[in-house]
Amino acid sequence: MKKIYNIFKSQKLGIIGGFTVTGLLIIGSLVMNFQPQQYMGLSGEDISFFFSHKKPIHTWFYLLFIACIFYGINAFLCTLDSIIRKAKAGIKKIPLYGASIVHIGFVITLVAHLIGGLYSSTEPPVSVADEWTDLGGVEMKVTDLKTSSYPNGMPKIIEASVAVRKDGIEFSDTLGYNNPVLLQHGILEILMRDYGWIASSVVLKVDDRICTIKVNDTFTAHGVQVRVADLYMPPQYRYPVVKLASVTENNETQQTFLPIGEKNEKEMYGSKIIFADINSIPGVLVSVKNNPSIPLTFVTIFFFSAGMILVIFRIIGRMAGN
């Protein structure tokens with residue numbers, strides 16, 4: 001048992017593990033670059049993809065996974081052995097433990113990547129505008145959208161002001177491409193995918209009346225209830241088209257497709273109807289990412305920071321002693 005322990009904590013195994021991991025990462029990058037079709041559906045740090053799509057071409061990853069396990073065990077045992085040796089030697093100066101604390105942070109990083117890779121998930125994108133939208137346990141709506149562009153037209157700053165509601169608590173936040181909304185200490189991230197103006201309602205001219213109506217709402221045409229069943233935007237049609245639905249006296253559903261513009265006027269039940277305009281509101285396309293490894297990431301940052309500070313203090317102490 002002691003022989004196995006010595007093998008796993010040996011410096012040679014650590015060097016071999018480090019070079020093996022680096023080499024397999026290089027090979028994996030080349031394979032993914034030249035065979036991108038084999039990795040459709042892979043996103044972020046999700047490694048469950050490789051286990052649900054078992055293929056010989058993913059051999060590099062399976063070897064990498066095993067190498068990382070051995071590398072992590074080696075790093076943990078080396079760190080533990082170093083701390084035990086120092087403690088047995090009666091070393092009480094905390095700065096001398098700085099390197100070991102950094103190594104602890106490294107081991108936690110490997111564990112965090114494993115948890116994040118196996119259990120993180122990203123939901124399909126959802127459009128959010130001025131009404132509360134359910135994002136799976138979290139509700140959000142856009143209250144304002146500010147944009148600015150560079151002289152060549154490329155977007156410079158995209159900032160959406162949003163209201164978020166979770167577990168009955170409502171608060172305001174800002175959302176941008178590099179500024180996600182964080183919940184549950186970062187475990188849940190609401191990421192911006194796109195932004196723009198979303199059609200909120202249509203403006204219909206019914207005889208002499210101007211009606212502003214949302215999809216699925218109704219208006220009256222000579223006493224008959226007509227529902228705005230749908231709104232089709234380009235590229236589905238060349239121009240915006242609204243679908244109107246009504247029930248005739250024979251209980252039959254009548255559908256009318258009305259393009260935008262006065263020249264496309266149509267008559268329904270004796271009323272002249274014109275699709276006059278579309279009212280738009282600012283909106284964003286977002287997706288919710290669940291990453292349970294985020295709390296471990298904060299722990300990693302703490303250990304790395306504390307360890308590096310102690311290492312720096314040790315160097316300063318040596319310089320002052322000389």
Side-chain angles (χ1 to χ4, degrees), residues 4 7-80 102-126 135-138 177-178 180-194 285-301 303-304:
I4 296 175
I7 291 173
F8 272 96
K9 76 175 183 65
S10 68
Q11 188 177 23
K12 288 183 180 180
L13 180 63
I15 295 172
I16 293 172
F19 277 108
T20 302
V21 169
T22 304
L24 289 171
L25 285 172
I26 294 172
I27 293 171
S29 299
L30 293 173
V31 172
M32 295 176 73
N33 182 62
F34 289 104
Q35 296 290 330
Q37 70 277 7
Q38 299 290 341
Y39 299 92
M40 297 294 292
L42 175 63
S43 62
E45 64 272 19
D46 179 21
I47 63 173
S48 60
F49 169 87
F50 295 96
F51 298 105
S52 57
H53 300 79
K54 300 182 183 69
K55 297 179 181 180
I57 197 172
H58 301 330
T59 301
W60 66 268
F61 172 79
Y62 305 128
L63 293 175
L64 175 65
F65 188 78
I66 295 172
C68 284
I69 291 176
F70 279 98
Y71 193 34
I73 293 173
N74 175 261
F76 171 75
L77 293 179
C78 286
T79 303
L80 181 63
V102 172
H103 291 157
I104 292 174
F106 172 71
V107 174
I108 297 175
T109 300
L110 292 177
V111 175
H113 277 298
L114 178 62
I115 294 174
L118 291 175
Y119 301 107
S120 65
S121 61
T122 303
E123 299 298 324
V126 178
L135 302 176
V138 180
Y177 280 120
N178 296 313
V181 173
L182 302 178
L183 302 168
Q184 297 181 13
H185 307 291
I187 294 177
L188 286 180
E189 295 178 89
I190 301 177
L191 308 169
M192 179 186 285
R193 299 300 186 189
D194 204 352
L285 188 69
V286 302
S287 59
V288 179
K289 181 178 181 180
N290 186 336
N291 190 347
S293 70
I294 294 299
L296 280 179
T297 302
F298 291 125
V299 175
T300 297
I301 293 172
F303 276 99
F304 269 118

Item to check | side-chain hydrogen bond (donor to acceptor under 3.5 Å, both in side chains) partners of residues 31-41, not counting sequence neighbours, each pair once | outcome: Q35-Q37, Q38-K55, Y39-H58, Y39-W60

Checklist entry - How far apart are the closest heavy atoms of S293 and A112, and which atoms are they? => result CB-O, 3.1 Å

Next on the checklist: If I compare all heavy atoms of T122 with all of R193, which pair ends up nearest, and what's the gap?
Outcome noted: CG2-NH2, 3.7 Å

Side-chain donor-acceptor distances from residues 10-17 under 3.5 Å, at least two apart:
residue : atom : partner : partner atom : Å
S10     : OG   : I7      : O            : 2.8
S10     : OG   : L13     : N            : 3.3

Item to check | Pairwise side-chain contact, P180 with L182, heavy-atom cut-off 4.5 Å (strictly under) | outcome: yes

Next on the checklist: For a 4.5 angstrom cut-off between non-hydrogen side-chain atoms, does K54 reach Y62?
Outcome noted: yes

Checklist entry - side chain to side chain contact (heavy atoms under 4.5 Å, CB included) between F49 and F61: does it pass, once the steps are laid out? => result CA-CA 11 Å; F49 169 87; F61 172 79; over 6 Å; no

Checklist entry - When rounded to the nearest 0.5 angstrom, what is the spacing between OH in Y119 and CG in N291? => result 13.0 Å

Checklist entry - Which heavy-atom pair separates G186 from I294 by the least distance, and what is that distance? => result O-CG1, 3.3 Å

Checklist entry - Rounded to the nearest 0.5 Å, how far apart are OG1 of T59 and CZ of F50? => result 11.5 Å

Checklist entry - Going by heavy atoms in the side chains, are V126 and L285 under 4.5 Å from each other? => result no

Checklist entry - How about I187 and N290: do any of their side-chain heavy atoms sit closer than 4.5 Å? => result yes

Checklist outcome for this item: d(L64 CG, T20 OG1) to nearest 0.5 Å is 10.0 Å

Item to check | Steps toward side chain to side chain contact (heavy atoms under 4.5 Å, CB included) verdict (T22, I26) | outcome: CA-CA 6 Å; T22 304; I26 294 172; 4.3 Å; yes

Checklist outcome for this item: With sequence neighbours left out, the residues meeting side chain to side chain donor-acceptor pair (under 3.5 Å) with T109 are none

Checklist entry - Is it true that F51 and F65 have ring centroids separated by less than 6.0 Å? => result yes

Checklist entry - Given side chains that start at C-beta, do those of V288 and L188 come closer than 4.5 Å, heavy atoms only? => result yes

Next on the checklist: Do Y177 and L191 have side chains that approach each other closer than 4.5 Å (heavy atoms only, starting at C-beta)?
Outcome noted: no

Next on the checklist: Side chains of I27 and L30, heavy atoms from C-beta outward: is any pair under 4.5 Å?
Outcome noted: no

Checklist outcome for this item: dist I108:CD1 -> I115:CD1 (nearest 0.5 Å) comes out at 10.5 Å

Next on the checklist: So C78 and N74, do their side chains get closer than 4.5 Å, heavy atoms only?
Outcome noted: yes

Item to check | Distance in Å, F34 CZ paired with I57 CD1, rounded so as to fall on 0.5 Å steps | outcome: 12.0 Å

Checklist entry - At what distance, to the nearest 0.5 angstrom, does CD1 of I73 lie from SG of C68? => result 11.5 Å

Checklist entry - Quick check, are the ring centers of F303 and F298 under 6.0 angstrom apart? => result no

